[in-house]
Amino acid sequence: MFTNVLTATLNLLLFRSGPQDFPFEPGLTRVLVPSAVLANYLVLAMALSPVMSAGMALGVVIGTTLGAHLILRARSMEARFTQTFHALLAVSTILTLSLALPFSQIAPELEKLAQNPELAESATLQIPGWAALTMNLLNIWNFMVNANILRHAAGVGVGVGLLLALLMAFGVLMIVLFFATLAGALAGGMS
């Protein structure tokens, strides 16, 4: 099963297939959800507090769940949810972990900026160009893969798939911001 999941994930990342080709195994949720949360947590924890990182990582997975569910429900294709959701989580986990190296180079500069916001006005931040470019390329790739997954899952064209991915990205962002605010409030209340 593990080999089938890796092969399907690679094919999704290379635009060779859609979520319908992802192994249908409801039990994968018990592996893919914690994997996605952990991948997001590990990357976010390089620049944020553990509580904030955990809240935001959880928000990403909840946002992905809700986004996929709402899109498929609107198209009356709820039966496609499991494979679509698993495909989105699998590619997100791989691409998020791919962000770890470039983000590790950017995170110290973000911490400096958080401590001294005036640095944003000056050109004193030392962000390596390769790291910023790599992160941008990986994020664009993730967006395009998500658009392809949603296009196949919802049975729509490329343009609508891009629009669905954009709507889902904004929805995930709103949920992540909510969870970040909640985590920040909880962390502030604990100290």
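Basis for what follows: all heavy atoms, side chains included, without hydrogens, waters or symmetry-related copies.
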Any donor and acceptor pair, going by atom type alone, linking the side chain of T7 with main-chain N or O of N4 inside 3.5 Å? no
Rounded to the nearest 0.5 Å, how far does OG1 of T64 lie from CE of M168? 4.5 Å
Tightest non-hydrogen contact, residues Q126 and E109, listed as N-OE1, 2.9 Å
What's the separation between atom CG in L32 and atom OG in S35, rounded to the nearest 0.5 Å? 6.0 Å
To the nearest 0.5 Å, tell me how far L167 CG sits from L162 CG. 11.0 Å
Is R151 reaching over with its side chain to a backbone N or O of V158, donor-acceptor style, under 3.5 angstrom? no
Are there over 12 heavy-atom neighbours, none belonging to F15, within less than 6.0 Å of that residue's CZ? yes
Could you tell me the separation between the CZ atom of F22 and the OG1 atom of T84, rounded to the nearest 0.5 Å? 10.5 Å
Check: I175 and F179 side chains under 4.5 Å, non-hydrogen atoms: yes
Compare every heavy atom of Y41 with every heavy atom of A57, then report the nearest pair and how far apart it is. CB-N, 3.5 Å
CD on Q83 to NE2 on H152, rounded to 0.5 Å: 13.0 Å
In terms of heavy-atom contacts, A183 and G55 come closest through CB-CA, 4.2 Å
Counting only N and O atoms by type, is there a donor-acceptor contact under 3.5 Å from the side chain of R75 to the main-chain atoms of A154? yes
So if you build clusters from Ile, Leu, Val, Met, Phe, Trp, Tyr with side-chain heavy-atom gaps below 4.5 Å, do L70 and L164 land together? no
Could you tell me whether the side chain of T96 and the main chain of T93 form a donor-acceptor pair under 3.5 Å? no
Taking all heavy atoms of F143 and all of L166, pick out the closest pair and write down the distance. CE1-N, 3.5 Å
F85 side chain reached by I149 side chain, heavy atoms, under 4.5 Å: no
Look at the side-chain heavy atoms of Ile, Leu, Val, Met, Phe, Trp and Tyr, link any pair under 4.5 Å apart, and say whether V156 and M77 land in one connected group. yes
Over 12 non-hydrogen atoms of neighbours within 6.0 angstrom of CZ in F178: no
From L12 CG over to H86 NE2, what is the distance, rounded to the nearest 0.5 angstrom? 13.0 Å
Nearest non-hydrogen partners of Q105 and A131, listed with the distance: CB-CB, 4.0 Å
Any sub-3.5 Å donor-acceptor pair from N40's side-chain atoms to A36's backbone N or O? yes
Is there a path of hydrophobic side-chain contacts, each under 4.5 Å between heavy atoms of I, L, V, M, F, W or Y residues, that connects L13 with M135? yes
As a test of understanding, state which of I106, N142, T134, L138 forms a side-chain contact (heavy atoms from CB on, under 4.5 Å) with L99. L138
With the 4.5 Å side-chain cut-off for hydrophobic clustering, are V91 and V31 part of the same group? no
Under a 4.5 Å side-chain heavy-atom rule over Ile, Leu, Val, Met, Phe, Trp and Tyr, are L44 and L38 clustered together? no
Looking only at heavy atoms, which two atoms of T9 and A90 are closest? And how far apart? OG1-CB, 3.4 Å
